[in-house]
Amino acid sequence: MATQRPSCIGVLTSGGDAQGMNAALRSVVRTALDRDVEVYAIYEGYQGMVDGGDRIRKMTWDSVGGILYQGGTIIGTARCPAFQAREGRLQAAGNLLHHGIDRLIVIGGDGSLTGANIFREEWVGLVAELVETRRVEAEVAQRHPQLRIVGLVGSIDNDMYGTDMTIGTDSALHRITEAIDAINSTAASHQRSFVVEVMGRNCGYLALMSAIATGADWVLIPENPPEDHWEEKMCQLLQAGREAGRRDSIVVVAEGMRDRRGNPIKSEYIKNVLEERLGEETRVTVLGHVQRGGAPSAFDRNMSTILGYEAVQTILSENADNDSYLMGMRNNRITRLPLMHCVEQTRAVAEAIARQDYERAVKLRGTSFREAIQTMERLEQALPRPPQPGQKQLRLAVMNAGGPAPGMNTATRAAVRQGIDQGHVMLGIHDGFLGLINDSIMELGWMSVAGWASMGGSELGTNRKVPEGRDLYAIARTLEKHGIQGLLVIGGLAGYQASHRLSMERDNFPAFNIPIICMPATINNNLPGSELSIGADTALNNIVQAVDKIKQSAVASRRCFVVEVMGRHCGYLALMSGLATGAERVYIHEEGMKLADLQLDLNHLVRGFKGGKRLGLMIRSEGVHDVYNTSFMCALFEEEGGDLFDVRQAILGHLQQGGDPSPFDRSLATRLALKCVNFLIEESDNEVPRGAFIGLTGGKVQFFDLYDLPRMMDPRYGRPREQWWMELRNIARVLAQPGPHAWLEE
Ligand code: ADP
């Protein structure tokens, strides 16, 4: 019996382009090659499939090299009317069979994925017709009895059911927040109002999240149109904001905005309302295609890479039934759902909006979306308010602790405003626990945190001090002196440890018997109870941008870079930046480092450069090994590399902690800060108030008791005992270099 030619994978990008499509393509191609399966790229979307010829090209490891940082899609995308007709699909089937392709990975929006599913359903009939009309041989047809489809959603709108994020959304949010931040500064200078229109026909995700991230005053999204006479309410709130001292007013509106009766709400209309009713000079900015452009964010690169890898595993799995699947990401984990179910649910949102059933539209978008709407509504209406009659007015203190993390200011601002809005007094402690020891405290008014939503660094000041011995007396005195009734610590490990210490000393110091809540803010992402900490996403983007530049600097020479990133003993930043920049080796403390590894890596480098390679990239976490440190590694590689290649080290240092917080870090900071203040208020009624730390785990916000901190930490290395991202190491290994992998399997 003749051995069967294995079936091949085809991959295409279709519909609107989105940043991150290239990362998905790279991952699909390299994962397929790693599995020893041939993979073809179909250029120009379905048009290339219909046209065939050189629009269907076999891919090699190198054909997807150097594309991670590029926006758009290198294999092109198109809208293809021909594929909407059966004749076009017949031709497409013939072209696929010509290459033995019967597994398709489609990266596109709901239109493209629907098209793919129709194609799959028709496959048997199409193939039979091709045999009958002698366009394909019966033997070939027999080898490909079915078409398998896996879809990845490429769409900046984040409009697909079944995945928390679609490919391109996070990058689009980066572009939008950059733009609104820029507008904010000019708006504040002139005391002007701005209406900013962002993309999203039936989906308000971009508008909503960018409004939260930039501290905008009012947002309009199609899933949740405002009540009648909203114009009045909007103007009242904007006016009140001005009276409270605010210099800029920003309204964000989704392009597809309609009111509750289905009539469009245009940006120009909002501008006219603001000008007429508030007498303010108002400008409209329509952001347009910049939202699709630019380099993909670290998140988009990594999510697309992971999805591409999993798509190949799914499409090659022997026991998969003949259904089409959509690979998505939910609560930080990969999901695989029937494709058409997701498409139907997605369409159901548009239908619900058209039927003016907004409750259903929001419900279909999921709980985090609903929660984000509630957060925005709170922020829109937050104003300095005196306590309600009979209400207990609390004195709540906020501090930053540990190393600086972008997003600390965002969190502080949200907390302070939430507290003041609820009628409480908010106090700011300078320089972490040192400020509490030295009594460096001041009251924070509404306007004292203006503009902090988008500001990097820590305006309050932060410090790694963990109090001990006599410090505790000083802290107790300060707490008593200021009558502090609740403490919010926004920070990293030092903040958590210090808070834990206060909790443990409650019997000795009655002043410590107050509610304490810690919020995860460190670029290292090494805190228990939260899969992600505030600042880590920004740091990752900082690293990725720096490494992109470093890579570009090496185009003309044969050079290996050894890049050292922060993280102490936690390898999160190293691994994730390695994934996002295509490093061929990542060294993390969790895996350790042996001389034998270095020898293997060196052999691999030598082989690579001898074979014509021009650039090597190794990323190491700062704490990976004390002796085999970055200088040692570089010296070793340099010596052994001889004339073949030279070696440069890049210790990225503090640029990783700087910069404006990313949209993700801002929205996480805001979301958690509101919950933390509510926690302090609720706990203040308890005789024995809790000490806790908050976090985002499995997509849910959760509280953990401070007493559990030691149990959840690895005390030797200051990192959580369980780290979810460790399972991504294998993907990083597979994509790092064509096998066999020098990066040892465990
Ligand atoms: P998106 O995938 O971004 O939603 P479109 O809806 O424009 O973008 O779809 C992109 C392409 O997918 C179309 O030009 C067409 O080739 C194909 N397509 C979309 N809908 C269908 C369909 N119902 N049947 C067949 N092909 C379709």
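Every number for a ligand or one of its atoms is a count from 1 in the order of the listing.
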What's the shortest distance from [atom] to any protein heavy atom, and which residue and atom give it?
| atom | result |
| --- | --- |
| atom 16 (O) of ligand 1 | Cys80 O, 2.8 Å |
| atom 27 (C) of ligand 1 | Gly115 CA, 3.6 Å |
| atom 11 (C) of ligand 1 | Ser14 OG, 3.7 Å |
| atom 18 (N) of ligand 1 | Gly111 O, 3.5 Å |

Task: Ring centroid separation Phe83 to Phe119 under 6.0 Å - done: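 Under 6.0 Å, so yes.
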Under a 3.5 Å threshold, yes or no: a donor from one side chain and an acceptor from the other, between [X] and [Y]?
| X | Y | answer |
| --- | --- | --- |
| Ser7 | Asp102 | yes |
| Thr314 | Ser317 | no |
| Ser662 | Asn541 | no |

Task: Per atom 2 (O) of ligand 1, closest listed option by heavy atom (Gly88, Ser155, Ser112, Gly15) - done: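 Result: the heavy atom closest to atom 2 (O) of ligand 1 is in Ser112.
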Task: Per atom 23 (N) of ligand 1, closest listed option by heavy atom (Thr77, Ile118, Ile156) - done: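 Heavy atom nearest to atom 23 (N) of ligand 1 belongs to Ile118.
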TODO: Identify whether the distance between the nearest side-chain nitrogen and carboxylate oxygen of Arg365 and Glu223 falls below 4.0 Å.
DONE: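 Looking at Arg365 and Glu223, the cut-off is met.
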TODO: Determine whether the side chain, the backbone, both or neither of Phe83 has a heavy atom under 4.0 Å from any heavy atom of ligand 1.
DONE: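 Near ligand 1, Phe83 shows its backbone as well as its side chain.
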For [X], counting its heavy atoms only, list the atoms of ligand 1 lying under 4.0 Å from any of them.
| X | value |
| --- | --- |
| Gly109 | 1 (P), 2 (O), 3 (O), 4 (O) |
| Gly16 | 3 (O) |
| Tyr46 | 12 (O), 16 (O), 17 (C) |

Open item on the list: Does Arg336 qualify as a cation-pi partner of Tyr325, given the criterion of NZ or CZ under 6.0 Å from the six-membered ring centre and within 45 degrees of its axis?
Closed with: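 Arg336 over Tyr325 ring: yes.
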Open item on the list: Distance to the ring centre below 6.0 angstrom and angle to the axis at most 45 degrees; does that hold for Arg103 and Tyr40?
Closed with: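 No cation-pi geometry.
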Open item on the list: If you count every heavy atom of other residues, nucleotides or ligands that lies below 6.0 Å from Glu377 atom CD, does the total exceed 12?
Closed with: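 Above 12, so yes.
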Open item on the list: Regarding ligand 1, does Gly108 bring an N or O atom to under 3.5 Å of one of the ligand's N or O atoms?
Closed with: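 Among all N and O atoms of Gly108, none is under 3.5 Å from an N or O of ligand 1.
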Task: Arg79, any N or O under 3.5 Å of ligand 1 N or O - done: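 Yes.
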